[in-house]
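First comes the structure, then the notes that go with it.
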2 protein chains.
Amino acid sequence: MATDTRTRILDASAALLARQGYNATGVKQIVTEAKAPFGSVYHHFPGGKQEIGAAAVVISGKLYEQLIPAVFDNTPDLPTGVRWFFNGAAQHLVETDFADACPIATVALETASTSEQMREACAAVFNSWIAAGSEMQQTRGGLSPESARRLTIAMIAALEGAFVLARAQRSVEPLEVAGELVAEAAEREQSLGQRAVSRAPASDETSG
Amino acid sequence: MATDTRTRILDASAALLARQGYNATGVKQIVTEAKAPFGSVYHHFPGGKQEIGAAAVVISGKLYEQLIPAVFDNTPDLPTGVRWFFNGAAQHLVETDFADACPIATVALETASTSEQMREACAAVFNSWIAAGSEMQQTRGGLSPESARRLTIAMIAALEGAFVLARAQRSVEPLEVAGELVAEAAEREQSLGQRAVSRAPASDETSG
DNA sequence: GTCTATACTTTGATAGAC
DNA sequence: GTCTATCAAAGTATAGAC
């Protein structure tokens with residue numbers, strides 16, 4: 001059984017938005033790529049381009065989120081995982097001739113001030129990444145919820161910004177530098193966290 | 001004397017590209033905003049939209065670059081300057097309702113794989129920022145050229161990525177977290193650099 | 001539900017009068 | 001060098017046959 005029309009439209013949209021951004025991707029291009037009749041778009045997505053875009057962003061976000069456990073579940077420690085993460089991103093960037101970086105960053109910047117529906121979809125994706133990364137860093141790094149959240153946000157921000165520089169300069173240097181910055185921060189946080197854990201099993205809620 | 005047509009076109013383009021990105025900004029919108037006749041665009045910029053965009057990006061880049069000395073020339077030390085820099089960016093973001101972040105990041109992502117002319121213009125701007133930041137950090141922080149370059153790239157990357165998250169989430173939290181990460185890295189680098197300086201006035205060219 | 005044809009707008013760009 | 005008129009193509013969205 002082949003995938004249905006709706007799924008093909010979303011998959012094609014996710015791929016096009018990731019590579020071209022929101023404004024450069026036309027509905028006509030989407031249906032051509034999805035091998036779908038034009039009218040089907042507005043049958044499955046009455047909200048038009050914005051509704052397609054928002055749904056496609058969420059799909060890309062869920063796929064990309066799987067990279068977090070895929071990388072960090074096999075790492076000996078947190079800083080090593082961070083280095084793997086940035087190295088893997090750099091390698092993928094080179095393999096795709098600096099085309100495939102973050103699937104939603106371009107869309108997020110384009111639509112942040114022009115489409116509330118798209119902005120909220122992108123924000124939801126970033127929040128899910130932060131939640132997934134924070135939980136991973138608490139489990140694998142022994143970090144407190146607050147430290148894990150902060151380190152995760154810093155990691156995502158450093159990665160996103162390094163992507164911007166790397167694609168413009170066609171160089172992985174920004175990814176190497178940003179990755180090392182975050183990895184060293186992870187080293188300090190992890191040693192602090194593990195020390196805290198070995199001293200006091202639960203520093204919070206001692207009075208509750 | 002009022003500004004001439006060419007200058008008005010470039011100023012209007014720089015403002016529109018910063019807020020809307022490249023693909024959302026039309027040539028017709030530019031001439032309307034610049035109060036210029038439509039045909040003038042192709043008289044002054046035979047290369048069309050790409051030539052206007054490339055020139056406007058360079059102008060925005062030079063303006064934004066002035067923020068580096070404006071902030072760091074008055075700071076007591078490097079880490080404080082880093083915190084001022086991120087705090088100022090956060091404040092400006094809130095004041096503009098999360099519209100004005102980096103004037104070229106959106107354009108850079110949009111055009112990195114579709115217009116070599118635009119990509120090179122953005123890359124040139126980023127390189128000029130890295131050069132200016134590196135020189136500042138060598139002068140004010142006592143960092144080696146290599147350390148200064150790496151810390152500057154990390155600072156710009158962290159700022160750019162924090163902008164992406166902040167605009168999508170309409171929150172300055174990413175700027176606070178990313179800024180603190182870079183500031184703490186600057187603290188370590190500066191103490192290392194100044195120690196090296198006080199031990200050996202000129203570690204390089206000792207044999208020349 | 002599927003698919004075609006089309007309406008209407010806007011795009012980047014050009015020609016040519018002045 | 002200024003400005004208007006216009007082009008061909010692409011944009012999103014809709015109507016309506018099947």
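Basis for what follows: all heavy atoms, side chains included, without hydrogens, waters or symmetry-related copies. Just so we're on the same page: letters track the sequence lines, and every chain starts at 1.
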Gap between atoms [atom1] and [atom2], on [X] and [N] respectively (whole Å):
X	N	atom1	atom2	result
A:F45	D:dT14	CZ	P	16 Å
A:N23	D:dG11	CG	C1'	11 Å
A:K49	D:dA13	NZ	C1'	12 Å

Near DNA chain D, counting only heavy atoms under 4.0 Å, which residues of residues 9-17 of chain A show up?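 Here the set is empty: none.
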
From A:N23 CG over to A:L17 CG, what is the distance, rounded to the nearest 0.5 angstrom?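 Spacing of CG (A:N23) from CG (A:L17) equals 10.0 Å.
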
Which label fits B:W129 and B:F126: parallel for a plane angle under 30°, tilted from 30 to 60°, or perpendicular past 60°?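 Geometry flag for B:F126 against B:W129: perpendicular rings.
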
Check A:T25, A:D100, A:T96, A:T106 against A:R19 for a side chain to side chain donor-acceptor pair (under 3.5 Å) and give me the one that passes.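 Option passing the side chain to side chain donor-acceptor pair (under 3.5 Å) with A:R19: A:D100.
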
Validation: residues 167-179 of chain A side-chain donor-acceptor distances under 3.5 Å, sequence neighbours left out:
from   : atom 1 : to     : atom 2 : distance (Å)
A:R167 : NE     : A:F98  : O      : 3.1
A:R167 : NH2    : B:S113 : OG     : 2.8
A:Q169 : NE2    : B:N127 : OD1    : 2.6
A:R170 : NH2    : A:D97  : OD1    : 2.5
A:S171 : OG     : A:E173 : N      : 3.0
A:E173 : OE1    : B:R149 : NH2    : 2.8
A:E173 : OE2    : B:R149 : NE     : 2.8
A:E173 : OE2    : B:R149 : NH2    : 3.4

State whether A:H44 places a side-chain N or O below 4.0 Å from either non-bridging phosphate oxygen (OP1 or OP2) of C:dG1.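 False: A:H44 side-chain N/O out of range (4.0 Å or more) of C:dG1 OP1/OP2.
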
Side-chain N or O of B:T5 less than 4.0 angstrom from OP1 or OP2 on D:dT2?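 For D:dT2, OP1 or OP2 has a side-chain N or O of B:T5 closer than 4.0 Å.
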
Pairs meeting criterion side chain to side chain donor-acceptor pair (under 3.5 Å) with involvement of residues 55-75 of chain A, two or more places apart: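 For residues 55-75 of chain A, and leaving out neighbouring residues, the side chain to side chain donor-acceptor pair (under 3.5 Å) pairs sorted by first residue read A:E65-A:S128.
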
Among residues two or more places apart or on two chains, list those pairs meeting side chain to side chain donor-acceptor pair (under 3.5 Å) that have a residue in residues 83-92 of chain A.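 Listed once each, the pairs are A:R83-A:E180, A:R83-A:E187, A:Q91-A:E95.
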
Does anything in residues 24-43 of chain B come within less than 4.0 Å of DNA chain C? Heavy atoms only, and list the residues if so.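 Listed by number, they are B:T25, B:G26, B:V27, B:K28, B:F38, B:Y42.
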
Please list, chain by chain and in numerical order, all residues satisfying side-chain hydrogen bond (donor to acceptor under 3.5 Å, both in side chains) with A:E51, sequence neighbours excluded.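 side-chain hydrogen bond (donor to acceptor under 3.5 Å, both in side chains) check on A:E51 returns nothing, list empty.
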
Side chains of A:F72 and A:T139 in contact at under 4.5 Å (non-hydrogen atoms):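 Sidechains of A:T139 and A:F72: no contact.
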
